[in-house]
Peer 1: 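If you scroll down you'll find the structure; I have some questions about it.
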Amino acid sequence: MKDFLSIIQCSTDELLDLLRLARELKALYKKGGRDLCLAGKTLAMLFEKASLRTRLSFQVAMIDLGGYALNLKPDDIGIIGKREPAKDMARVLSRYVHGIMARTFAHDTIVEFAHYATVPVINALSDWSHPCQAMADVMTIEEHLGKLNGIKIAYIGDGNNVARSLAFVAAKLSMQLVLASPEGYDLDADSIQLANDTQAGCVQTTRDPFVAVKGADVIYTDTWISMGQEAEKEQRIRQFQGFQVNRELLDAAPKHSRVMHCLPAYRGMEITDDAVECPQSIIFDEAENRLHFQRALLKKLLSGSMPH
Ligand code: CP
Ligand code: NVA
């Protein structure tokens with residue numbers, strides 16, 4: 001495992017191994033311990049889009065493990081592919097740093113980085129997927145519900161990058177995902193097929209959020225307007241009416257179900273304030289686990305890495 005680009009490219013064993021390591025490191029750091037396995041190592045972090053959780057959790061994780069993270073924004077290095085091609089940046093960075101993480105619009109940009117970089121490349125969100133988020137999500141689900149096998153997630157909203165990574169992680173870890181999206185905003189058929197080819201019938205779709213939450217252990221949502229879709233805002237707000245996680249929907253779900261959201265949350269749109277704040281919400285544990293999972297991922301990928 002050189003890179004971490006998409007969950008669908010990882011084996012179940014690799015994912016379980018990362019989760020085990022994340023649990024171990026979480027327990028160690030909660031006790032005040034430290035693991036300086038990345039002493040002297042550097043991570044370059046490239047961002048074409050805004051980020052709070054991903055940027056900070058990777059940066060803190062690098063510091064926690066004894067290393068250093070460099071935050072590179074378009075103002076510093078130029079837009080990827082505009083000032084110079086991604087393949088040139090990837091090869092130059094591979095001479096300086098031990099790892100590269102990138103948040104891009106096009107997923108192909110990350111794939112190209114990984115192809116040309118000789119050091120590990122991590123997908124910190126692309127328009128296509130958000131694998132680090134999905135791994136922190138399943139870590140949180142396991143902590144709260146005691147298992148992953150057979151867990152049913154109801155995802156209400158846009159069939160976007162977050163939904164796609166949830167579909168892939170469900171397929172790899174024997175979970176069930178029911179996607180409730182308005183017409184025109186479904187997760188693409190190829191991704192659903194890819195998930196269902198991995199574990200038959202693990203991803204299903206419906207137009208009715210109330211059908212989706214029936215028997216669900218987790219109710220999950222994400223913004224209706226992902227970064228880069230701002231021009232479609234008005235149209236999307238109209239189309240997504242009825243696809244909000246709110247008290248009425250939670251009342252139709254099992255009592256034990258938990259509420260999740262990758263954040264940032266737009267209260268009053270995809271989720272109400274009382275749903276974010278309700279006792280069933282594990283949203284902030286989910287955000288915290290971004291840090292614990294990043295530590296595990298960095299330890300796994302960067303420990304043996306050297307610049308070219
Ligand atoms: N959930 C998530 O990736 O948050 P950021 O966009 O703030 O990194
Ligand atoms: N789907 C959202 C996730 C943000 C973490 C986006 O891509 O903007």
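What you are looking at is a predicted structure, and each value in this text was computed from that prediction instead of being measured. For ligands, and for the atoms within them, numbers begin at 1 and follow the listed sequence.
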Peer 1: S129: which residues meet the side-chain hydrogen bond (donor to acceptor under 3.5 Å, both in side chains) condition with it, sequence neighbours left out?
Peer 2: N123

Peer 1: Under 3.5 Å, is there a donor-acceptor pair between the H107 and D127 side chains?
Peer 2: no

Peer 1: Is the number of heavy atoms from other residues, nucleotides or ligands under 6.0 Å of Q241 CD greater than 12?
Peer 2: yes

Peer 1: Output every pair passing side-chain hydrogen bond (donor to acceptor under 3.5 Å, both in side chains) with a member in residues 78-87, not counting sequence neighbours, ordered by first then second residue.
Peer 2: none

Peer 1: Heavy atoms only: which of L125, T54, T223, D127 lies closest to atom 4 (C) of ligand 2?
Peer 2: L125

Peer 1: Near ligand 1, which residues have a heavy atom under 4.0 Å away from one of its atoms?
Peer 2: S51, L52, R53, T54, R103, H130, Q133, C262, L263, R290

Peer 1: Is the closest basic N to carboxylate O distance between R207 and D186 below 4.0 Å?
Peer 2: yes

Peer 1: F113: what forms a ring pair (Phe, Tyr, Trp, His ring centres under 6.0 Å) with it, not counting sequence neighbours?
Peer 2: none

Peer 1: Quick check on contacts: which atoms of ligand 2 are under 4.0 angstrom from a heavy atom of D222?
Peer 2: 1 (N), 2 (C), 3 (C)

Peer 1: Answer yes or no: does an N/O atom from S226 fall short of 3.5 Å to an N/O atom of ligand 2?
Peer 2: yes

Peer 1: Taking N or O atoms only and a 3.5 Å limit, does M227 qualify as a polar contact for ligand 2?
Peer 2: yes

Peer 1: Going by the atom numbers of ligand 2, which of them fall below 4.0 Å from some non-hydrogen atom of L263?
Peer 2: 5 (C)

Peer 1: If we count only N and O atoms by modelled type, under 3.5 Å, do the side chains of R258 and S281 hold a donor and an acceptor together?
Peer 2: no

Peer 1: If you have a sec, work out which protein heavy atom is nearest atom 7 (O) of ligand 2 and how many Å separate them, to one decimal?
Peer 2: N161 ND2, 2.8 Å

Peer 1: Between E143 and K26, is there a side-chain N and carboxylate O pair less than 4.0 Å apart?
Peer 2: yes

Peer 1: Does NZ in K2 sit with more than 12 non-hydrogen atoms of other residues, nucleotides or ligands closer than 6.0 Å?
Peer 2: yes

